[in-house]
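Here is the structure we will look at.
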Amino acid sequence: MTAIARTNREPPAGRIEFDRNIRILGLRNKSDLVDIAVRSFLGVAGVRQYINGEEHLRAFIWEVGRHYHNNPYHNFHHAVDTTNVMGWLLTRPAFKNNLPGLYAFVLLVAALVHDVDHPGTDNHWEIKNNSALARKYHNRAVLESQSRDLALWILDSERPEMLAKLSRSDRELFKHLLDVTIIATDFSRHPEFLQELETRLEKGGMDFSHPEGLSLIARTLIKSADISNTSKHYSQAKLWGRRVMREYWAQGRLEKQRKLPLGPLNDQDNINFHLAQAWFIENQVMKLFELLTRMENEVQEAVDALKINLRLYRDSAAHGPWKI
Ligand SMILES: [Zn+2]
């Protein structure tokens, strides 16, 4: 039986209940964050067969955490939040019943590592500065490629016990999917991705029985988990939004210092926080989640939250303070 044919139906559902609104930003201790990530893996029944004991899992997560920087947004909190939301997505019926366990395992690992070593400035910054990284990765998915390569190095050299339960063929598929899913978090191809997903759904829904269909589902899940903080309760979503903007504005100050062209959201003096968040939800997030809802009804609660947040951001932009 191939890895693809294995689904995560076999073991009984875990007792761990996922809360996609968990207040991760309030956690100060790394061990609390590691605990949440461990629970995310253990809470998805189909991945347990690939976990080589909780101790090795914990050691891997701890090691990954060591390589996250203390950025306002792209930090270990975001990694753990993305992993927790991935656990929530993977335990919704459509994915729990149809996605192979190995895919679920890769997606949890990808969620955890997808921004590892992120410097707090974006791909445009690397490219504008013709950095060593930009040259190494030929200006394509620069930071995502770096995160992928570091994750593979940790898995191969630092914590090889993490994949010890995977067969040779499962390991090959794991590495291929890790690449595909991490690179999918590069936002520069977001519009094309939405088009690809919509076209596929209009042609008759998602195909869980074929590698191509599974790849598209996996990419949809990682992209959704990555930007899902916009769909949390407004008070939480706003905290994440502030962190994103703080990171962009820090980059904007560097761009001004170096007389480089400013990124569209990076000018602290001319960007309205609430309007920027509303724009992001309306133009980048909503469509992705609406398409995801076509695969799994329970995601509707995230779409409903996005609609509320969009309205609240617009209200705040009209009546509230101009800046955060
Ligand atoms: Zn991310």
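Counting starts at 1 for both ligands and their atoms, following the listed order.
- Looking only at its N/O/S atoms, H114 has NE2 as the one nearest to the Zn ion (ligand 1).
- Atom OD2 is the N, O or S atom of D115 at the shortest distance from the Zn ion (ligand 1).
- The pair R39-D19 fails the salt-bridge criterion, with no side-chain N (NZ, NE, NH1 or NH2) lying under 4.0 Å from an Asp/Glu carboxylate O.
- Ring pair H74/H114: centre-to-centre distance not below 6.0 Å.
- Taking backbone and side chain together, H78 holds an N, O or S atom under 2.8 Å from the Zn ion (ligand 1).
- Counted by atom type alone, N129 and S131 present zero donor-acceptor pairs between their side chains at under 3.5 Å.
- The minimum distance between the Zn ion (ligand 1) and any N, O or S atom of D226 involves atom OD1.
- One finds a salt bridge joining E282 and R314 here, because a Lys/Arg side-chain nitrogen approaches an Asp/Glu carboxylate oxygen to under 4.0 Å.
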